[in-house]
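Accompanying notes for the structure given below.
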2 protein chains.
Amino acid sequence: MTARSRPGSEPNACTDDEELLPRGQRKQRTRDALIDAALQLMNEGRSFNSLGLREITRVAGVVPTSFYRHFKDTNELGLVLVEESGLTLRRMLREARRAGAPVKDMIRRSVQVYKAFVLSNRLHFLFVAGERSGGSPVIRSAIRNEVDQFIDEMTQDLRHLAIFPNLSPESLRMVCELVVNTMLHAATDILDLPPGDEALARAQEDNHVHQVRLIFLGAQLWREETEKA
Amino acid sequence: MTARSRPGSEPNACTDDEELLPRGQRKQRTRDALIDAALQLMNEGRSFNSLGLREITRVAGVVPTSFYRHFKDTNELGLVLVEESGLTLRRMLREARRAGAPVKDMIRRSVQVYKAFVLSNRLHFLFVAGERSGGSPVIRSAIRNEVDQFIDEMTQDLRHLAIFPNLSPESLRMVCELVVNTMLHAATDILDLPPGDEALARAQEDNHVHQVRLIFLGAQLWREETEKA
DNA sequence: TCAGTTGGTGGACGTATGTTCACTCATGAG
DNA sequence: CTCATGAGTGAACATACGTCCACCAACTGA
């Protein structure tokens, strides 16, 4: 579950530096340092399963052997990372739920909110987008589970919002899968976009908006009985 | 350009084994062996940039130093792999062009042809799908170029087929991008699917068909002037 | 036929890796 | 206060890595 204070490196809370925390929190501290180290290394363009144990501990500022106090493997750390990323996705959904459905320009607004969310959770999205198809089999399947779960929840939400009363639950899920895959790929675009180029950013946003709009357009017109045996 | 006889390991042509070829072909031979070794290692679940030079040469059956006679880097081998995969994609497009547009059940047929193509070019699709978002930055951007080019060509094809006369060139490209991203992700599903489970395979195929059908449905209904400033 | 070119070899190097072990020494429970 | 617990240390290991070098042998072009 890992109730870490991250994301967004908190500047040391109020206690000046260290030395005053109970044992458990000190442990959690270096555990977080290890996880953050892995994320930071991926932020430099590396892929997760090319990271070495020693490399991670070096960035985290501990000795290699300390790693084993927290994980038996780099793979185990990866699974924790998957879990964390899942929490981030779920948090996004929760916030979207709270915001409700803005009636006008809903899709564009959602894309903008999504982009902001991706940027402020850059490391998690980098990890998910990067390892979803590329990583080690065990991590890949863990991510797949997390994303499937996310799609299910999104399906439930759209179902309750009754935006597509014409769709059966199965078709609604299919639409959500399409949207999620599209936006997860969009995350790669967003994260790769060089900062500062405002025109290019707008073009990219337009592109994402159009794609989702087109999907929704198709969904509104979808009829179930288009099937043949 | 690499006019290799692969894909699909040819069983030694007609000449019994070796020793009779001119110098250049001999060189190409071990070069192919290196490339195939990398692909085969990825087929075992590894990601490309976790492959080591020695590991590749070991599988290829040559000594590590031989590697440098062909590539200066594993990264350079990766770029060759990108180029090859691009050729595979282009080949797919060419075959699709030749086959023309079957009027009835066109989408389902296309999805089936695509699935067959992915399976018989498993290694290239595995490489592209895996490294598209996960690999080293230089390989990622090389793949992005290749895929962008592919999208452009597909856009031209659809334009000449005049299936969507309502779409501007930009919108048509947007649709193609959506389709390509969807089907490239579908390749992951297809390759991960355990063989033998026919029911699951049909469900997966239906899913892919529905997604493309929904995109096309949206594309047919798309109107340009939905934009605001 | 002969010399030059060159793909492949084998050994060696410095360095990095994952994992082990015995060791500190502050913490927190009794 | 005492003392067992356990997070973090430092040294050492076997192994793997990328890269360099001198060398061979065979194909090539003259």
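A, B, ... follow the sequence lines: proteins, then strands. Residue 1 opens every chain. Heavy atoms only: backbone and side chains are in, while hydrogens, waters and symmetry mates are out. Source: prediction; values computed, not measured.
- Rounded to whole Å, atom C1' of dG7(C) lies 6 Å from atom CZ of Arg69(B).
- Residue contacts for Tyr68(A): at a heavy-atom cut-off of 4.0 Å it reaches a base atom on one of the strands shown.
- The side chain of Leu53(A) lies closest to dG18(C) when the candidates are dT19(D), dG18(C), dT9(D).
- In this structure, Arg29(B) atom CZ and dC27(D) atom P are separated by 14 Å, rounded to whole Å.
- The separation between Gln28(A) atom CD and dG6(D) atom P is 16 Å, rounded to whole Å.
- The shortest distance between the side-chain N/O atoms of Arg58(B) and the OP1/OP2 oxygens of dC17(D) is below 4.0 Å.
- Comparing Lys27(A) and Leu51(B) against DNA chain D, the residue whose closest nucleotide sits nearer the 5' end is Lys27(A).
- No N or O donor and acceptor, one from the side chain of Arg26(B) and one from the base of dG7(C), sit under 3.5 Å apart.
- Nucleic acid contact class of Val63(B) (heavy atoms, under 4.0 Å, all strands): base.
- The shortest distance between the side-chain N/O atoms of Thr65(B) and the OP1/OP2 oxygens of dG10(C) is not below 4.0 Å.
- Residues Leu81(B) and Ile35(B) meet the side-chain proximity criterion, which asks for heavy atoms closer than 4.5 Å.
- Counting heavy atoms of neighbouring residues, nucleotides and ligands inside a 6.0 Å radius, atom CZ of Arg90(B) exceeds 12 of them.
- With rounding to whole Å, Arg54(A) atom CZ is found 11 Å from dT15(C) atom C1'.
- Protein atom CZ of Phe71(A) is 15 Å distant from nucleotide atom P of dG18(C), rounded to whole Å.
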Evaluate side-chain hydrogen bond (donor to acceptor under 3.5 Å, both in side chains) for Asn181(B) paired with Arg132(B), printing each intermediate quantity in order.
CA-CA 11 Å; Asn181(B) 284 338; Arg132(B) 188 149 91 108; 3.1 Å; yes
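- Asp189(A) and Arg144(B) are joined by a salt bridge, as a carboxylate oxygen and a charged side-chain nitrogen come within less than 4.0 angstrom of each other.
- Taking every side-chain heavy atom of Thr30(B) into account, dG8(C) is the closest of dG8(C), dC17(D), dG8(D).
- Here the P atom of nucleotide dA7(D) and the CZ atom of Phe67(A) are 15 Å apart, to the nearest Å.
- Per the geometry, CD1 belonging to Ile56(B) stands 17 Å off P belonging to dA16(D), to the nearest Å.
- Atom CD in Gln25(B) sits about 13 Å away from atom P in dG8(C), given to the nearest Å.
- In Arg159(B), the CZ atom is not crowded: 12 or fewer heavy atoms of neighbouring residues, nucleotides or ligands sit closer than 6.0 Å.
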